[in-house]
Structures are given as structure tokens and as C-alpha cells.
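Just so you know, residue 1 is the first one in the sequence shown, and it goes up from there.
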Amino acid sequence: TGFAMAQDGPIQALDSFLAGFNATDPAALARLFRIDATFFGSSEPDLLHGPAGAHGYFARAWPPGSRRAIECLASSVRALSPDAAMLAATCRTRATRPDGTQSTGTLRLMGLVLRDADGWRFADLHASAAPPPKG
């Protein structure tokens, strides 16, 4: 999957997701979702749809004055075609609430990205909190 790791390959969607998350920028994240995208966030039970659903999710999850950081510990790209790929990643998150309270967690991401005129964007994304380590 040489093209999968190229600068303009599907990993670009994950890199852009990390940049938007680290900037605590719901609008930047919303642009990464196709109009027909579906999204399961880690803190709401409902299936969300399109850029508006993603924007609303992140705006609700991140109160004004909060800061977020994310780094992926491992990721995988499975090329399905030149314009479609599955992404999976395990990422460490850090949050700072407006009152200064901090928390950390492990987030699992899995999604389908498709390349269109706007680049690589999510057609489907599922984010979930990882269970605690065994033992």
C-alpha cells in the first residue's frame, strides 16, 4: 500500500483529524466528514450524520475554554482501492477543562475514508474509549 502512506494518501484524513482535535476546532473536524458521512462519537449514543453532526458533537463535547490533545500510539491503513481505505488507530487523549481539571484516556478510532474533490474525508468514523488494560 505505497500510496496509502503518501502525503496525499488516506492517512491524510487521520493527520487532519489529529490537527483539528489538537486545535480544539470543531469546524476543522467537521470539514473532514463527507456530506453523507456517519459518525459514532465516544460520548454520545446516537449515530451522527454529515459535517453538521460532527460539528455539533465536538462543540457539545468541548465547552468553551477547554483544550484537547491527541497522539496516536498505533495506526493502520488498509487500502481498498485507489480512492477508498479503512483506517484504525489507538490514540492517547488529554483534556483540560475550563476549571483546569485534567484527564487522560485512550481512544480507538476506526473509519472508512474516501477520496473526492476535497481530498481524503471520512465516510464513516467510529470512536470509542478503550477498555482498561487487563491484569
Side-chain angles (χ1 to χ4, degrees):
T1 62
F3 74 87
M5 299 309 285
Q7 186 172 359
D8 65 344
I11 200 72
Q12 173 189 9
L14 180 59
D15 291 344
S16 295
F17 182 89
L18 299 178
F21 196 103
N22 284 324
T24 314
D25 186 345
L29 290 168
R31 288 190 294 272
L32 300 176
F33 289 82
R34 295 168 51 93
I35 194 74
D36 58 350
T38 60
F39 172 46
F40 273 122
S42 63
S43 63
E44 290 185 16
D46 297 327
L47 180 63
L48 303 162
H49 297 275
H55 186 276
Y57 172 83
F58 289 110
R60 289 186 297 276
W62 298 343
S66 63
R67 292 188 316 275
R68 296 287 190 261
I70 189 170
E71 62 180 336
C72 288
L73 309 171
S75 63
S76 170
V77 176
R78 182 180 305 270
L80 304 174
S81 77
D83 296 319
M86 292 294 301
L87 299 177
T90 302
C91 306
R92 189 80 174 143
T93 62
R94 291 182 310 281
T96 304
R97 296 190 185 345
D99 68 2
T101 304
Q102 296 187 337
S103 62
T104 61
T106 302
L107 187 66
R108 298 181 299 183
L109 300 171
M110 182 161 221
L112 171 66
V113 293
L114 301 176
R115 181 169 44 188
D116 60 21
D118 293 320
W120 289 95
R121 298 186 302 147
F122 290 100
D124 299 290
L125 181 63
H126 182 134
S128 62
K134 291 183 179 181

Answer yes or no: are there more than 12 heavy-atom neighbours, outside R67 itself, under 6.0 Å from its atom CZ? no
Taking all heavy atoms of R31 and all of R121, pick out the closest pair and write down the distance. O-CD, 3.5 Å
Does the S76 side chain pair with the main chain of A88, one donor and one acceptor, at a distance under 3.5 Å? no
Could you check, using the six-membered ring where one of them is a Trp, whether F21 and W62 have ring centers closer than 6.0 angstrom? yes
Which atoms form the tightest heavy-atom contact between S42 and A129, and what is the distance? CB-N, 4.2 Å
If every non-hydrogen atom of V113 is compared with every non-hydrogen atom of A13, which pair is closest and at what distance? CG1-CB, 3.6 Å
Report the C-alpha separation of H126 and R108 in whole Å, then their side-chain angles, then the decisive distance to 0.1 Å, and conclude whether the side-chain contact (heavy atoms from CB on, under 4.5 Å) test is met. CA-CA 8 Å; H126 182 134; R108 298 181 299 183; over 6 Å; no
Minimum heavy-atom separation for L14 to S75, with atom names? CD2-CB, 3.9 Å
Are there over 12 heavy-atom neighbours, none belonging to R97, within less than 6.0 Å of that residue's CZ? no
Between the side chains of T93 and R68, does any donor sit under 3.5 Å from an acceptor? no
Heavy-atom nearest pair, R115 first then P82, reads NH2-O, 2.7 Å
Hey, is the main chain of D118 close enough, under 3.5 Å, to the side chain of D116 for a donor-acceptor pair? yes
Count I, L, V, M, F, W, Y as connected when their side-chain heavy atoms are under 4.5 Å apart, and connections chain through other members. Are L80 and M110 then in the same cluster? yes
Check whether D83 reaches the backbone of L114 with its side chain - one donor and one acceptor, N or O, closer than 3.5 Å. no
Can you name the closest pair of heavy atoms from F58 and P26 and give their distance? CB-CB, 3.8 Å
Are D36 and R34 ion-paired here, with the side-chain N under 4.0 Å from a carboxylate O? yes
Look at the side-chain heavy atoms of Ile, Leu, Val, Met, Phe, Trp and Tyr, link any pair under 4.5 Å apart, and say whether F40 and L125 land in one connected group. no
Taking the six-membered ring for Trp, are F122 and F39 ring centroids under 6.0 Å apart? no
Does I35, at its CD1 atom, have more than 12 non-hydrogen atoms belonging to other residues, nucleotides or ligands within less than 6.0 Å? no
